[in-house]
Amino acid sequence: MRTHYCGELRAEHIGQTVTLCGWVDRRRDHGGVVFVDLRDRHGIAQIVSDPERTPESYPQADKVRSEYVVRVTGRVSGREGGAVNPRLATGEIEIYAESIEILNTVNKQLPFQVSAADGGESVKEELRLKYRYLDLRRERMANNLKLRHDVVKAIRRFLEDQENFIEVETPILNKSTPEGARDFLVPSRVNLGEWFALPQSPQLFKQILMVAGCDRYYQIARCFRDEDLRADRQPEFTQLDMEMSFMSEAEILELNESLICHIFKAVKGVDLPRPFPRLTYRESMDRYGCDRPDTRYGLELVEVSDLLADCGFKVFSGAIASGGSVKILPIPNGNDAISNVRIKPGGDVFREAAEAGAKGLAYIRVREDSEMDTIGAIKTGLSDSQKAEILKRTGAEAGTLLLFGAADVNTVNKSLDRVRQFVAKDMNLVPENQLNFLWVTEFPMFEYNADDKRLEAVHHPFTSPNPEDIGDLSTARAQAYDIVLNGTEIGGGSLRIYQRDVQEKVFAAIGLGDEEAQEKFGFLLNAFEYGTPPHGGIAYGLDRLVMLMSGEESIRDTIAFPKTQQARCLLTDAPASVDEQQLKELEVRSTYVPPKVENS
RNA sequence: GGGACUGUAGUUCAACCGGUUAGAGCACCGCCCUGUCACGGCGGAAGUUGCGGGUUCGAAUCCCGUCAGUCCCGCCA
């Protein structure tokens, strides 16, 4: 049907007769000569219908409109001098159309313009999602889909061809498991009254594959979690899921660095510096107040709890006395950049801290000669030696603004982390085009859930505790790691428990009784009785990784057919009601009562 | 479950403090134009101001409710 793609034609094709198929990107009619920009997945080529050279194509060239589907046959011709378009990859040539065949027309007015030539006018996302087929035709989205494909292709080449991984598909129809996110449920018709759950991840199956001697497994796996949506969260999303046997944590991190480097080299042509920096969870929380720090800029936090425990400023000493802490976010040149109004209630910097639970933001402005400009209570409450030590620890120079967080440790970290990120953006401290990967290791095994009054697994309950900490699991570090890119977690994993007795201890620590553990995970525990190799793995959020690589701000722009924040598909209008008969067959009845709409 | 923002022509936006017939760019339609590439010129059509109610002499504008989309908190092992 065609001989070439529009976008691949170059000067070397001059003289050839080619047949192209594609969409009309744009048409320029000069009353005689007509230009048609023809677009396919690979780019745009200019078609010319010239009354002197190709009069036979004029009637059709006159009829075509934007987004018509046409087939063009003609001779590739070089453009002369000023006719060359340097902004087009095919700008040195054009095709004199001997025939233009209209394969299909557009019968309605387009809801938005597909052509990238129309300037970057933003189209409402609601409209883009409803007409997703037109949206995906646009250059930006077509590029995103291609990038995603390139990433997956690079992953497969590396894991399969270089590292001996095999891809194994695991069930979508699964069993509901405790902990974790809310499950999507699927009723079983054959087993009435029983339900499948869609997988939140292939976790258990990949571990069983290790027991099965698979050695190295990966899967581009769809995962489902019935939780509320965000810019970076969809109810169904894709993981690169990996698991491997007989590898230490260090070896797993090493292999994954190679994988990431391979992806960026293959897709972006970028050589990433190795090894990636590694931070323990403890260190990350101390220095950045979060477990996925953006290290493209400084603004590291400084601990001063020990220093200010008995100072005269009650906000500080009080916070420490009740088990909390005081930390400082030093902002070089912050004195000029951030006014007092912005730090006080009503200000934007204050709001960031307040939304994380902070009551306020104490501050010190460091002036010339180490003079400190601050509120009276702090001036009089701190001794000269305390002031001197603050300057020393923060390395503050004239012009530096010191922002204080004083509360329980979590609130201090959370609020200063937010302020840190906010200020970095505000002061333009985030370098573009920099890729800062890092590993965060030694996550805690558990954290206390105050609502349920019990410990919860930070990663998941199959994560192996650090052997050194096995004596007291409640405070144990896990052999778990996250990989972070520019402040976004793109993947996480762990070494797994492969001994039944350790697994039972961990279940006990999170309050999962023997009976329930047997009922929910008996198949895994049983498998552990039959020769389980030491193993571990990792899972990457593919949508997120592609989002960062494409510069998009939502994973919806990396997914061909995403859901809205209300978890609806605007293209198909899913979800939708079903026939009564379908429910009957499943012995399912809805108890849902639609809310009464007033004023109707 | 909660907070915030948005909704006006096909589309992107405008319309001051509530005051004539709700405007503009692009798209669309018609005519003209033989080298453009965001072609150009002239003309035209196009509106339930998301929906429902209220206040008012008068509502795109103010109030209440509702729907949809987006961002965030909760939630997401």
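Below, read A as the first sequence line, B as the second, and so on, with proteins coming before strands; counting in each chain starts at 1. Every heavy atom of this structure was used, including side-chain atoms; hydrogens, water molecules and symmetry mates were not.
Residue contacts shown for L570(A) are limited to sugar-phosphate atoms, with no base heavy atom under 4.0 Å away. Residue contacts for T463(A): at a heavy-atom cut-off of 4.0 Å it reaches no nucleic acid atom on any strand shown. D226(A) comes within 4.0 angstrom of no nucleic acid atom, judged by non-hydrogen atoms across all strands. If you check every strand for non-hydrogen atoms under 4.0 Å, A83(A) touches a base. Residue contacts for K563(A): at a heavy-atom cut-off of 4.0 Å it reaches no nucleic acid atom on any strand shown. Within 4.0 Å (heavy atoms only), F35(A) reaches at least one base atom of the nucleic acid. P51(A) comes within 4.0 angstrom of a nucleotide base, judged by non-hydrogen atoms across all strands. At a threshold of 4.0 angstrom between heavy atoms, the contacts of E52(A) include nucleobase atoms, whether or not backbone atoms are also involved. V458(A) comes within 4.0 angstrom of sugar-phosphate atoms only, judged by non-hydrogen atoms across all strands, and of no base. As judged by a 4.0 angstrom heavy-atom cut-off over every strand, E352(A) is placed among residues making no nucleic acid contact.
Put simply, R26(A) has a side-chain N or O that comes within less than 4.0 Å of OP1 or OP2 on A27(B). Taking side-chain N and O atoms only, K124(A) has a distance below 4.0 Å to OP1 or OP2 of C13(B). Checking the phosphate oxygens (OP1, OP2) of U36(B), no side-chain nitrogen or oxygen of R28(A) falls inside 4.0 Å. Residue R65(A) places at least one side-chain N or O closer than 4.0 Å to OP1 or OP2 of C29(B).
For the P atoms, the distance linking C29(B) with U70(B) amounts to 32 Å, nearest Å. Using atom P as the reference point in both C17(B) and G3(B), the two lie 27 Å apart (nearest Å). Straight-line distance between the C1' atoms of U49(B) and G40(B): roughly 34 Å, to the nearest whole Å. A gap of 16 Å separates the P atoms of A68(B) and G50(B), to the nearest Å. The same atom, P, is picked in C64(B) and in A4(B); the two are 11 Å apart, to the nearest Å. Taking atom C1' on both nucleotides, C63(B) is separated from U56(B) by 12 Å, rounded to a whole Å. Annotation: C62(B) and G30(B) have their C1' atoms spaced 44 Å apart (nearest Å). Rounded to the nearest Å, the gap between the P atom of G19(B) and that of C31(B) is 42 Å.
Between H460(A) and F462(A), the ring-plane angle classifies as tilted under the 30° and 60° cut-offs. Ring pair F443(A)/Y281(A) is tilted by interplanar angle, where 30° to 60° counts as tilted. The aromatic rings of Y5(A) and H42(A) are tilted relative to each other, their planes meeting at an angle between 30° and 60°.
Side-chain proximity of S66(A) to the nucleotides C28(B), A68(B), G35(B) is greatest for C28(B). Closest contact between the side chain of Y96(A) and the listed nucleotides C37(B), G35(B), C13(B) involves G35(B). Of all nucleotides listed (C13(B), U34(B), G30(B)), C13(B) comes nearest to the side chain of S122(A). In this structure, of U11(B), C71(B), G35(B), it is C71(B) that holds the atom nearest to the side chain of S554(A). The side chain of Q109(A) lies closest to C28(B) when the candidates are G35(B), C28(B), C75(B). Considering only side-chain atoms of D228(A), the nucleotide from G1(B), A27(B), C13(B) that sits closest is G1(B). Here the side chain of E227(A) is nearest to one of C75(B), G69(B), G10(B), namely C75(B). Taking only side-chain atoms of H30(A), from C-beta outward, the nucleotide of U70(B), G35(B), U12(B) with the closest atom is G35(B). Among the nucleotides U36(B), G69(B), C26(B), the one closest to the side chain of Q113(A) is C26(B).
Along RNA chain B, the nucleotide closest to R544(A) and the one closest to N85(A) are compared, and the more 5′ of them pairs with N85(A). Comparing Q565(A) and Q200(A) against RNA chain B, the residue whose closest nucleotide sits nearer the 5' end is Q565(A).
Across the protein-nucleic acid pair, L229(A) atom CG and G2(B) atom P stand 17 Å apart, rounded to whole Å. Remark: P of U36(B) and CG of L88(A) are 15 Å apart, rounded to the nearest angstrom. Going from atom CD of Q46(A) over to atom C1' of A38(B) covers 13 Å, rounded to whole Å. For the pair R230(A) CZ and G3(B) C1', the interatomic distance rounds to 12 Å; values are reported in whole Å. Nucleotide G35(B) holds its C1' atom 15 Å from the CZ atom of R27(A), rounded to whole Å. In this structure, L110(A) places its CG atom 8 Å from P of C28(B), rounding to the nearest Å. Rounded to whole Å, atom C1' of C37(B) lies 14 Å from atom CG of L38(A). Between the P atom of U70(B) and the CG atom of D557(A) lies a distance of 11 Å, rounded to the nearest Å.
The line from CD of Q479(A) to CG of D469(A) is 9.5 Å long, rounded to the nearest 0.5 Å.
Searching all strands for a Watson-Crick or G-U wobble partner of C39(B) with both distances below 3.5 Å returns nothing. When both distances must be under 3.5 Å, the Watson-Crick or G-U wobble mate of G23(B) is C13(B). The partner of A4(B) is U70(B), judged by Watson-Crick or G-U wobble contacts that both fall below 3.5 Å. Remark: G65(B) base-pairs with C51(B); criterion is Watson-Crick or G-U wobble with both hydrogen-bond distances under 3.5 Å.
With hydrogens and angles ignored, no donor-acceptor pair under 3.5 angstrom links the side chain of E126(A) to the base of G50(B). Contact annotation: side chain of R556(A) to base of G69(B), donor-acceptor pair absent below 3.5 Å. One can find a donor-acceptor pair under 3.5 Å joining the base of C75(B) and the side-chain atoms of R233(A). A donor and an acceptor atom sit less than 3.5 Å apart, one in the side chain of R79(A) and one in the base of U36(B).
Looking at R27(A) and D29(A), a side-chain N of the basic residue comes within less than 4.0 Å of a carboxylate O on the acidic one, giving a salt bridge. Classification of E504(A) and R500(A) as a salt-bridged pair holds, one side-chain N sitting under 4.0 Å from a carboxylate O. The pair D37(A)-R28(A) meets the salt-bridge criterion, with a side-chain N (NZ, NE, NH1 or NH2) lying under 4.0 Å from an Asp/Glu carboxylate O.
With a 4.5 Å cut-off on side-chain heavy atoms, I172(A) and P199(A) count as touching.
Each of R138(A), R137(A), K108(A) was compared with E67(A) under the salt bridge (Lys or Arg N to Asp or Glu O under 4.0 Å) criterion, and only R137(A) meets it.
Between the side chain of S554(A) and the backbone N or O of A231(A) there is at least one donor-acceptor pair closer than 3.5 Å.
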